[in-house]
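Chain letters run A, B, ... following the sequence lines, proteins first, then strands; residues in each count from 1. Computed from heavy atoms alone, side chains included, the values below leave out hydrogens, waters and symmetry copies.
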Number of protein chains: 2
Amino acid sequence: MATIHDVAKKAKVSVTTVSRVLNNRGYISEATRAKVFKVMEQLNYQPNEIARSLLRKQSNVIGLIIPNVAHPFFGEFANHVENYAYGKGFKMLLCNSQLDPVKEKDYIDMLKRNRVDGIIMGSHTLQVEEYIHLNSPIVTIDRQIGTDIPYISSDNRMGGSMAAKLLLAQGCRKIAHICGNLELQLLANRRTEAFLEVMKENGMEPVVVQTDIDVFQQLQYGRIIRRLFEEHPDIDGLFATSDIIAAFVIKECAAIGKRVPEDVKIIGYDDINAASWMMPPITTIKQPIEQMAQMAVDLILQQMNEEEYRPENVLPVSLIERATT
Amino acid sequence: MATIHDVAKKAKVSVTTVSRVLNNRGYISEATRAKVFKVMEQLNYQPNEIARSLLRKQSNVIGLIIPNVAHPFFGEFANHVENYAYGKGFKMLLCNSQLDPVKEKDYIDMLKRNRVDGIIMGSHTLQVEEYIHLNSPIVTIDRQIGTDIPYISSDNRMGGSMAAKLLLAQGCRKIAHICGNLELQLLANRRTEAFLEVMKENGMEPVVVQTDIDVFQQLQYGRIIRRLFEEHPDIDGLFATSDIIAAFVIKECAAIGKRVPEDVKIIGYDDINAASWMMPPITTIKQPIEQMAQMAVDLILQQMNEEEYRPENVLPVSLIERATT
DNA sequence: GTTGATATGTCAAACGTTTGACATACGAAG
DNA sequence: CTTCGTATGTCAAACGTTTGACATATCAAC
């Protein structure tokens, strides 16, 4: 790989001059500029960003830690993060924790060793302490840890409440709710809280089941849902904490001969792309995934530049009515 | 951030000694080793990988360029690449080209500037020349460019042929095929070739429609499929080049009152996770996504280490029969 | 002729680490 | 006592770049 020295030598100028045209500083005549660029072209020169990063003490890399990109929600999120970051001149290092606490810690250390400019943390199994002496910019998704670290979430309470009201308005009498594991202290738990509050206000007491810790072992969904319907065959409305769970519920309903939405009304959460092209298309609470992703990047940049930033960021959700309610 | 000098000073040893314990080389007494590690702990020291990379001339980063991680196939692929690479001590820089030739070129340059150890290229809009003077290790997914650059694909011909045979065996009389845009010179085109060959051998001539270049604008699918069924209302079998397209076909069939699989049999390609939890679950040709991902990483490592490697890697597919046929 | 803007050059330090060459010191084995 | 293995140290170069300080030269304007 050609270095700046090679370019300088071939263009018969000093490295300083090459550096100057590269960084557009100081006086440079058009002739020299053109000559230098031409040589760069010829040598197929690409400035070594590693050396630059070392000197600049800035890598222009953002680390993203999520459970798994193959999960549609995180896949869409990661896509938007990367896109937006790219527009701002940043790269994205992707880490799939698989919700393994060891890997999660490991990834944090790895990102620190690589001097990323910030970390977007979308995977949460760790104790809070691990983050505390993390002096680099960070932002969490759907989890609040201390008051100093900014977080982003959708308006989970609003979402839970909207879901409850919709099922009630549609006349459901026996309602169930499948939530994530409540021990992971995610803000998503607020969906459940708000959902149950609204239910209680209306004199209803839904059946609630939690998924296991490892949310992405999709095999468990079938089992959980099957048992739910076995124990409560009269369920006629269900709020699932993700569209994927909702999809599994639809599948299970088909298996046991219940019609959706005639016999059972189902509402999901997230509004992943698949929610609209599934059959039947899923009624869901839409999280503004792209906006959340952009805000995450912005919060990193603001911390980097020591600008003001909002520590608490709850973005509005919206109800998307499709064919399952 | 603490440097190796801070550690040395605090531990009252030389930087050389610290470096020695860090890299496990030369003689080090247990006492010093322990002392140094203790200080590192106290200072929360993380060796600067940027400096290391610069010196070592190796970044331990692999760049992955794909159209979009939000697309389930690429999301699953990216997950497996990252996982496997992580196990081998490599990080993954993710690039979503959005199938934009300009971004694609830009990303290649960016990855070169960042001295990644290799590039896994899963997005292909460029002319071949762009890759040619790319001296770093590279491997392409589903595209062959020259004989020097290794590629990986599933056995597209086999897949196309299996799909054709299945539809024929199930007695379909009016068969359609939706393929990607054939101008992108993907190996996926071979699915179409083999599919048509088998059809021809059996005296059938399927209707073939291509999607537009930007395969991921899912909006177009509905339109294309709607027109297909308008022009050929008697279609009773369809092979789609991806499970997502298959899902859209299912959706369209529901809209126009055709039953799947009774009236129309549908077979997809990829076997993304969603294929199994969709309703009805999709019959499809399974690509060994994880194996392809691991092989991609291995091919990069082999090139890095100047080991022998196989330039052509066609992995077997399998037919997964579910409920749409 | 002086001044000032423009253009380029030289030189060295800095970023944080590794590595090789070499020196020194201690203790044990011969 | 010599030799060798162990343990540590000093020093400097290297990776590729940026940057500041400073020097020099040309050319135009005054």
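Between the His5(A) side chain and the Ala2(A) main chain, no donor and acceptor come within less than 3.5 Å of each other.
Put simply, CZ on Arg20(A) is 11 Å from C1' on dC22(D), counting in whole angstrom units. Atom CD1 in Ile50(A) sits about 14 Å away from atom P in dT18(D), given to the nearest Å. Distance, Ile28(B) CD1 to dT6(D) P: 13 Å, rounded to whole Å. Residue Arg25(B) contributes atom CZ, which lies 5 Å from atom P of dT19(C) at whole-angstrom precision. The interatomic distance linking Met1(B) (CE) with dG16(C) (P) rounds to 11 Å, in whole Å. Here the P atom of nucleotide dC15(D) and the CG atom of Leu54(B) are 9 Å apart, to the nearest Å. In this structure, Arg52(B) places its CZ atom 13 Å from C1' of dT19(C), rounding to the nearest Å. As a whole-Å value, the separation of Lys12(A) NZ from dA7(C) P is 21 Å.
For Arg115(B) against dG16(D), a side-chain-to-base donor-acceptor contact under 3.5 Å is absent.
Under 4.0 angstrom from either OP1 or OP2 of dG9(D) there lies at least one side-chain N or O belonging to Thr17(B). Proximity of Asn48(A) to the phosphate of dT17(D): no side-chain N or O atom is located under 4.0 Å from OP1 or OP2. Checking the phosphate oxygens (OP1, OP2) of dG16(C), a side-chain nitrogen or oxygen of Lys57(A) falls inside 4.0 Å.
In this structure, Ala51(B) and Thr16(B) both approach DNA chain C, and ranking their closest nucleotides by distance from the 5' end singles out Ala51(B). Positionally, the nearest nucleotide of DNA chain D for Val13(B) lies more toward the 5' end than for the other of Val13(B) and Arg56(B).
Using a 4.0 Å heavy-atom cutoff across all strands shown, Val15(B) reaches no nucleic acid atom at all. Here Ser29(A) lies in heavy-atom contact (under 4.0 Å) with sugar-phosphate atoms only. Residue contacts shown for Thr32(A) are limited to sugar-phosphate atoms, with no base heavy atom under 4.0 Å away. Here Thr3(A) lies in heavy-atom contact (under 4.0 Å) with sugar-phosphate atoms only.
Taking the charged nitrogens against the carboxylate oxygens, Arg56(B) and Glu49(B) do have a contact shorter than 4.0 Å, which makes a salt bridge. Using a 4.0 Å cut-off between a side-chain N of Lys or Arg and a carboxylate O of Asp or Glu, Lys105(A) and Asp109(A) qualify as a salt bridge.
For Tyr27(A), taking side-chain heavy atoms from C-beta onward, the closest of the listed nucleotides dT17(C), dT18(D), dT8(C) is dT8(C).
In this pair, Phe77(B) and Phe73(B) present their aromatic rings parallel. The plane angle is below 30°, not in the 30 to 60° band.
Counting only N and O atoms by type, the side chains of Tyr84(B) and Asp298(B) include a donor and acceptor under 3.5 Å apart.
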